[in-house]
Amino acid sequence: MDNMVTDRRNGPQTDFLYCCGAITEVLKFGSCQLHSGHKVLFLIIPGNPGVVGFYRTFMQTLYSMFGQHHPVWAVSHAGHCVPPDSMDMVEDASSAAKRDIFGLNGQIEHKLVFLARHVPKDTNLVLIGHSIGCYIILDMMKRNPELKIIKAIMLFPTIERMAQTPQGKVMTPVLCHMRYVAYLPLFLLSLLPEGLKAGLIKLVFGGLRSLDHNVVQPTVGLLSGDCAANAMYMGGQEMRKVLERDNITIKENLEKLIFYYGATDHWCPVQYYHDIKQDFPNGDLRLCENGFRHAFVLDAGREIAKMVFEWISKDLSM
């Protein structure tokens with residue numbers, strides 16, 4: 001059994017556990033432990049940073065929309081959360097380094113191991129990916145075709161040519177060549193009192209009229225230093241490894257996939273939507289008409305959850 005710390009103070013349950021030897025946070029609405037015969041689980045695979053607290057409003061809305069009938073879980077990326085006082089970032093540092101658990105491939109394996117350990121094989125899955133989470137889901141489908149996936153929903157998918165995107169061109173030098181330079185300001189920020197960190201974050205997000213204040217505290221945690229460093233390390237690998245779109249896996253699972261592209265997404269230009277639309281004219285491919293940003297969790301988690309409900313409610317009424 002994994003070592004595990006549970007926090008039930010604020011409604012949904014939060015578990016901290018070791019998966020692949022790295023600290024992992026799991027946010028759970030609904031059933032907190034699944035047994036064989038449990039019909040459906042919604043599982044969110046986050047973007048980068050892979051902080052589950054960012055998705056709280058999205059998850060709560062989705063859970064409510066389905067009448068609280070289906071559990072909604074989100075699993076953090078390995079090392080993208082602050083460990084409780086009784087736990088460390090990794091169980092075994094040499095093993096974590098050998099497996100490159102904080103890298104992109106390590107994060108994909110991390111999700112497959114999480115499912116194998118904590119979700120019964122006969123559970124039907126609705127996987128919801130955001131940004132790089134969509135790439136991870138496609139790779140999970142390729143590596144384990146036995147997963148019982150009803151639908152895989154790809155929100156603002158970064159599944160190809162990331163370094164060539166407008167944002168990728170800006171971030172590739174930072175993430176791949178100047179990452180260690182960024183560690184100093186991160187370290188200095190980590191020394192600030194929690195209240196001051198929260199104030200700075202609210203100041204940075206001050207331009208968002210409808211900011212979801214549920215994202216403030218998770219962002220404070222991200223400024224702990226190690227979490228942000230792990231996120232940047234993963235981001236550098238994304239720039240190098242997310243190259244060609246995996247058309248084979250998409251073709252094999254097309255009836256299960258729903259893609260939702262942003263109309264002004266600097267991580268995934270509209271041209272990428274038109275390209276995949278041309279390659280898969282029969283696919284369920286949607287282009288945002290509401291002006292939602294790539295980081296939709298900042299101010300549109302509730303609205304995106306309502307759309308997801310509309311897309312797949314018929315699939316779950318069987």
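Just so we're clear, the structure is a prediction, and the values are computed from it rather than from any experiment.
Sparse packing is recorded around CD of Glu146, with 12 or fewer heavy atoms of other residues, nucleotides or ligands lying under 6.0 Å away. Residue-environment remark: CD (Glu255) exceeds the threshold of 12 foreign heavy atoms within 6.0 Å.
Side-chain contact between Arg302 and Met65: absent, with no pair of heavy atoms (C-beta onward) separated by less than 4.5 Å. The side-chain heavy atoms of Leu112 and Leu147, taken from C-beta on, include a pair separated by under 4.5 Å. Cys288 has its side chain out of reach of Thr264: every pair of non-hydrogen atoms, C-beta onward, lies at least 4.5 Å apart. The shortest distance between side-chain heavy atoms of Trp267 and Met162 falls below 4.5 Å. Put simply, the side chain of Ile250 reaches to within 4.5 Å of the side chain of Leu254, judged on heavy atoms.
Separating the CZ atom in Phe205 from the CG atom in Leu211 is a distance of 6.5 Å, to the nearest 0.5 Å. If you take OG on Ser64 and NE2 on His69, they are separated by 11.5 Å, rounding to the nearest 0.5 Å.
Using a 4.0 Å cut-off between charged nitrogen and carboxylate oxygen, Lys148 and Asp122 do not count as a salt-bridge pair. Between Arg286 and Asp284 there is a salt bridge, since at least one side-chain N of the basic residue sits less than 4.0 Å from a carboxylate O of the acidic one. Taking the charged nitrogens against the carboxylate oxygens, Arg245 and Asp279 do have a contact shorter than 4.0 Å, which makes a salt bridge.
Of the possible donor and acceptor atoms, none in the side chain of His118 sits under 3.5 Å from a partner among the backbone N and O of Leu115. Remark: the backbone N or O of Val90 is not paired with any side-chain donor or acceptor of Asp88 at under 3.5 angstrom. Asp265 places no side-chain N or O within donor-acceptor distance of the main-chain N or O of His294, the cut-off being under 3.5 Å.
Both tests hold for Arg161 against Tyr272: distance to the six-membered ring centre under 6.0 Å, angle to the ring axis within 45°.
With sequence neighbours excluded, the residues satisfying side-chain contact (heavy atoms from CB on, under 4.5 Å) with Thr172 are Ala163, Cys176, Met239. Not counting sequence neighbours, Glu303 has no partner by the salt bridge (Lys or Arg N to Asp or Glu O under 4.0 Å) test. Qualifying salt bridge (Lys or Arg N to Asp or Glu O under 4.0 Å) partners for Lys142, counting only residues two or more places apart in sequence or in other chains: Asp246.
Using the six-membered ring where Trp is involved, Phe66 and Phe309 have ring planes that are perpendicular, over 60° apart on the 30 and 60° scheme. Taking the six-membered ring where tryptophan is involved, the planes of Phe156 and Phe296 are essentially parallel, since the angle between them stays under 30° and well short of 60°. Using cut-offs of 30° and 60° on the angle between ring planes, the pair His70 and Phe42 is tilted.
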Run Ile45 and Lys111 through side chain to side chain contact (heavy atoms under 4.5 Å, CB included) and show every step you take.
CA-CA 8 Å; Ile45 310 296; Lys111 306 306 174 292; 4.3 Å; yes
Could you go step by step and tell me if Glu109 and Arg143 meet the salt bridge (Lys or Arg N to Asp or Glu O under 4.0 Å) rule?
CA-CA 9 Å; Glu109 286 298 318; Arg143 298 184 193 197; 2.6 Å; yes
Take Phe58 and Val308, measure what side chain to side chain contact (heavy atoms under 4.5 Å, CB included) needs, and give me the verdict at the end. CA-CA 10 Å; Phe58 171 78; Val308 170; 4.3 Å; yes
Does His130 form a ring-ring contact (aromatic ring centres under 6.0 Å, His included) with Tyr55? I'd like the steps, not just the answer. CA-CA 10 Å; His130 174 217; Tyr55 298 86; 5.8 Å; yes
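Transitive grouping of hydrophobic side chains (ILVMFWY, heavy atoms separated by less than 4.5 Å) brings Leu104 and Met171 into a common cluster.
Residues Asp100 and Gln237 have side chains that bring a donor and an acceptor to within less than 3.5 angstrom of each other.
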